[in-house]
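Worksheet: the structure to be examined is printed underneath.
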Amino acid sequence: MSLVTPPEHPFAVFVRILGKGKRGARDLTREEAREAMGMLLDGKVEDTQLGAFLMLLRHKEESAQELAGFTEAVRERLHAPVIAVDIDWPTYAGKKRHLPWYLLAAKCLAQNGIRILMHGGGAHTAGRIYTEQQLELLGIARCNDWNETASALDRHNLAFMPLGAWMPGLQRMIDQRNILGLRSPIHSLARILNPLGARCGLQSIFHPGYQANHREASRLLGDTSIVIKGEGGEIEVNPDGVAHLYGTQAGESWDEDWPALSPQRHVKPAQLDPQHLLDVWRGAEDAYGELAVVATMALALKGLGQSRDTAFTQAQTCWAQRNLSV
């Protein structure tokens with residue numbers, strides 16, 4: 001038994017702010033969030049504090065100010081070179097109801113000169129299809145550092161870089177999911193980061209109410225972004241329902257509804273075979289998949305400044321004229 005009161009750990013103040021009961025707890029300020037995430041990324045926090053911090057945030061639900069502060073801390077530690085990117089495409093959810101049609105959308109956009117950086121955090125939940133698992137099938141480059149990413153973008157306009165290759169501290173936090181039993185706020189944060197400062201960051205947030213929060217975080221950061229409730233949590237427009245776009249550009253927010261593209265809902269496939277993606281790319285028909293691909297391409301083009309009608313016309317043309325052999 002010690003008779004001397006030990007000093008308080010410097011990170012304890014942030015755990016206390018979030019966890020001091022119903023009346024005493026509050027959100028972190030933007031500056032507090034930046035400092036807290038900086039300590040996490042710099043390895044200045046005990047494992048018990050990391051788990052408590054992530055779960056308290058998860059229970060409370062992260063605010064736009066917190067997300068902006070966390071993002072600033074990450075960007076301060078990136079040290080990435082200047083690499084031109086049109087679309088930042090985070091892919092962290094995985095698909096379980098439909099195939100990842102968004103991969104064909106990204107591939108087709110890249111064939112038409114749009115430079116896309118995709119990034120993800122690995123296969124963390126059983127029963128889902130993740131981007132990382134389909135890269136070889138679809139001929140998308142997996143890059144392990146920024147030089148490889150720059151080279152892949154110059155050659156193919158499309159590159160995938162695992163989160164662990166450019167921000168391993170965040171990947172470690174994501175990997176706590178199966179230890180803590182719940183998704184941590186890092187899954188949400190990763191969608192906002194836009195590590196190379198792309199012209200537009202696309203974000204998919206599945207849970208209702210979070211979309212506006214993410215849009216506000218991007219607005220606070222001065223980014224151009226579009227947030228949707230994507231199919232299965234991925235950046236993919238569901239053609240069977242109305243898509244609400246939460247956008248921000250130059251510090252201003254905007255909203256737009258896109259009507260459903262099909263008069264009735266398509267039947268969910270009985271099983272998901274990724275090979276079918278390649279078949280459709282090469283000319284096989286899939287009513288749902290092709291609508292999802294074109295609409296998702298239009299979403300990206302909207303993010304680059306086109307009107308909805310122009311974006312859809314260009315997306316349909318690009319899809320019809322795609323190089324089937326690639």
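Proximity of Cys108 to Trp281: side-chain heavy atoms (C-beta onward) are separated by under 4.5 Å at one or more points. The shortest distance between side-chain heavy atoms of Leu301 and Ile114 falls below 4.5 Å. By the 4.5 Å heavy-atom criterion applied to side chains, Ile116 and Leu109 are counted as neighbours. Contact of the Thr91 side chain with the Tyr130 side chain is not registered, since no non-hydrogen atoms from C-beta on lie closer than 4.5 Å. The side-chain heavy atoms of Gln171 and Pro162, taken from C-beta on, include no pair separated by under 4.5 Å. Proximity of Arg308 to Pro259: side-chain heavy atoms (C-beta onward) are separated by under 4.5 Å at one or more points. The shortest side-chain heavy-atom distance between Leu189 and Glu62 does not fall under the 4.5 Å cut-off. Residues Tyr102 and Leu202 form no side-chain contact, since every pair of their non-hydrogen atoms from C-beta on lies 4.5 Å or further apart.
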Go through it in stages, so that I can follow the logic: the residues are Tyr246 and Ile226, the test is side chain to side chain contact (heavy atoms under 4.5 Å, CB included), and I'd like the CA-CA distance, side-chain angles, deciding distance and then a yes or no.
CA-CA 6 Å; Tyr246 299 78; Ile226 298 179; over 6 Å; no
Check step by step if side chain to side chain contact (heavy atoms under 4.5 Å, CB included) holds for Met37 and Met173.
CA-CA 11 Å; Met37 181 56 65; Met173 295 180 214; 4.0 Å; yes
Show your reasoning for whether side chain to side chain contact (heavy atoms under 4.5 Å, CB included) applies to Met167 and Leu193.
CA-CA 11 Å; Met167 193 50 62; Leu193 297 176; 5.7 Å; no
Run Asn112 and Gln314 through side chain to side chain contact (heavy atoms under 4.5 Å, CB included) and show every step you take.
CA-CA 10 Å; Asn112 288 272; Gln314 183 175 340; 5.6 Å; no
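Between Glu8 and Arg16 there is a salt bridge, since at least one side-chain N of the basic residue sits less than 4.0 Å from a carboxylate O of the acidic one. One finds a salt bridge joining Glu231 and Lys95 here, because a Lys/Arg side-chain nitrogen approaches an Asp/Glu carboxylate oxygen to under 4.0 Å. For Arg219 and Glu216, the salt-bridge test passes: some basic side-chain N is under 4.0 Å from an acidic carboxylate O.
Distance check, rounded to the nearest 0.5 Å: NE2 of His156 to CD of Gln111 gives 11.5 Å. Note: Leu41 CG to Phe70 CZ = 10.0 Å, rounded to the nearest 0.5 Å. Put simply, CZ on Arg191 and NE2 on His119 are 10.0 Å apart, with the number rounded to the nearest 0.5 Å. We find the OG1-CH2 distance between Thr131 and Trp89 to be 9.5 Å, quoted to the nearest 0.5 Å. Between Arg199 atom CZ and Thr224 atom OG1 the span is 9.5 Å, to the nearest 0.5 Å. Taking CZ of Phe11 as the reference point, atom OG1 of Thr48 lies at 10.0 Å (rounded to 0.5 Å).
Under a 3.5 Å cut-off, the side chain of Arg77 and the backbone N or O of Ala73 do form a donor-acceptor pair. With hydrogens and angles disregarded, a donor-acceptor distance shorter than 3.5 Å links the side chain of Asn157 to the backbone of Ala110. In this structure a side-chain-to-backbone donor-acceptor pair under 3.5 Å is present from Glu148 to Asn144. Here the side chain of Ser204 pairs a donor or acceptor atom with the backbone of Glu234 at under 3.5 angstrom. Ser151 places no side-chain N or O within 3.5 Å of a backbone atom of Asn147 that could act as its donor or acceptor partner. For the pair His187 (side chain) and Ser184 (backbone), a donor-acceptor distance under 3.5 Å is present.
Between the side chains of Arg75 and Thr71, no donor N or O sits under 3.5 Å from an acceptor N or O. When only modelled atom types and interatomic distance are considered, Trp319 and Glu290 share a side-chain donor-acceptor pair under 3.5 Å.
Taken together through direct or relayed side-chain contacts under 4.5 Å among Ile, Leu, Val, Met, Phe, Trp and Tyr, Ile174 and Met118 form parts of separate hydrophobic clusters. Under the 4.5 Å side-chain contact rule for hydrophobic residues, Leu99 and Tyr92 do not share a cluster. The cluster map of Ile, Leu, Val, Met, Phe, Trp and Tyr, joined by side-chain heavy atoms under 4.5 Å apart, puts Leu170 and Leu117 in the same cluster. Neither Leu163 nor Ile235 shares a network with the other; the hydrophobic side chains, linked directly or stepwise wherever heavy atoms of I, L, V, M, F, W or Y lie under 4.5 Å apart, form separate groups for each. Hydrophobic cluster membership differs between Leu245 and Val227, with clusters built from Ile, Leu, Val, Met, Phe, Trp and Tyr side chains linked at under 4.5 angstrom.
Other residues, nucleotides and ligands contribute at most 12 non-hydrogen atoms within 6.0 Å of the CD atom of Glu252. Taking a 6.0 Å sphere around CD of Glu285, one finds it holds 12 or fewer heavy atoms contributed by other residues, nucleotides or ligands. Within 6.0 Å of atom CZ in Arg97, 12 or fewer heavy atoms from other residues, nucleotides or ligands are found, so the atom counts as exposed in its surroundings. The environment of His9 atom NE2 is dense: over 12 non-hydrogen atoms of other residues, nucleotides or ligands sit within 6.0 angstrom.
Ring orientation note: the planes of Tyr210 and His214 are tilted relative to one another, at an angle of 30° to 60°. Between Trp146 and Trp166, the ring-plane angle classifies as tilted under the 30° and 60° cut-offs.
Heavy atoms only, all atoms of each residue included: Ser218 and Ile192 are closest at OG-CG2, 4.1 Å. Counting all heavy atoms, side chain and backbone alike, Ala80 lies closest to Leu196 at CB-CD2, 3.8 Å. Scanning both residues, Val45 and Leu50, for their nearest heavy atoms gives CG1-N, 3.8 Å. Gly120 approaches Glu132 most closely through the heavy-atom pair C-OE2, 3.4 Å. Between Ala84 and Leu153, the shortest heavy-atom contact is O-CD1, 4.3 Å. For Arg265 against Asp240, the heavy-atom pair with the smallest separation is NH1-O, 3.5 Å.
Among the candidates Arg26, Met55, Glu66, the single residue satisfying the side chain to side chain contact (heavy atoms under 4.5 Å, CB included) test with Lys60 is Glu66.
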